[in-house]
Amino acid sequence: MKWLPYLIFAALISFLPTCDSERATQEQCRAIFDRLVQLEVREMGFNDPVLTVRRQAEFAARYANEIRTCVGRPIPPGALKCVLSAETAEAVSHECLR
């Protein structure tokens, strides 16, 4: 669990600009963040939706500054769709946001 914040932070700031990229909105950044937390909680072996929502709120409060730094960063076309359908947190950072 100690590495979770680092993974989330790295994924949020790893947006690489591309020619066709759009700028991330607050809503998109929060959706990416929430999906990363959801995947991490599941990968730790927990499938309780109440726990997931609690963790999302907990981490969103703790990492509000990091979420704000995401806003306005370029994101690849289709990144949000990829994030929402990703099966692992690693896929989010290595496939969706690069």
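If you're wondering where the values come from, they're calculated on a predicted model, not measured in any experiment.
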Listing, residues 74-88 side-chain donor-acceptor contacts under 3.5 Å, not counting sequence neighbours, or none:
| residue | atom | partner | partner atom | Å |
| --- | --- | --- | --- | --- |
| Ser85 | OG | Lys81 | O | 3.1 |
| Ser85 | OG | Cys82 | O | 3.3 |
| Thr88 | OG1 | Ala91 | N | 3.0 |

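Counting all heavy atoms, side chain and backbone alike, Asn47 lies closest to Pro49 at O-CD, 3.3 Å. When all heavy atoms of Gln56 and Asp34 are compared, the closest pair comes out as NE2-O, 2.8 Å. Shown here for Cys70 and Ala24, the closest heavy-atom pair between the two residues is O-CB, 3.7 Å. Of all heavy-atom pairs between Glu40 and Ala89, the closest is OE2-CB, 2.9 Å.
Taken to the nearest 0.5 Å, the CZ atom of Arg42 stands 9.0 Å off from the OG1 atom of Thr52. To the nearest 0.5 Å, atoms SG (Cys29) and CZ (Arg73) are separated by 9.0 Å.
For the pair Gln28 (side chain) and Thr25 (backbone), a donor-acceptor distance under 3.5 Å is present.
In this structure, Phe33 is not a member of the same hydrophobic cluster as Val53, with clusters built from ILVMFWY side-chain heavy atoms closer than 4.5 Å. When hydrophobic clusters are built by joining Ile, Leu, Val, Met, Phe, Trp and Tyr residues whose side-chain heavy atoms come closer than 4.5 Å, directly or via intermediates, Ile32 is not grouped with Val71.
Using a 4.0 Å cut-off between charged side-chain N and carboxylate O, Glu27 and Arg30 make no salt bridge.
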Between Glu90 and Leu39, does the side chain to side chain contact (heavy atoms under 4.5 Å, CB included) criterion hold? Intermediate values first, please. CA-CA 9 Å; Glu90 186 176 324; Leu39 291 169; over 6 Å; no

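Considering only residues two or more places apart in sequence or on other chains, Arg23 meets the side-chain hydrogen bond (donor to acceptor under 3.5 Å, both in side chains) condition with none of them.
Proximity of Arg55 to Gln38: side-chain heavy atoms (C-beta onward) are nowhere separated by under 4.5 Å.
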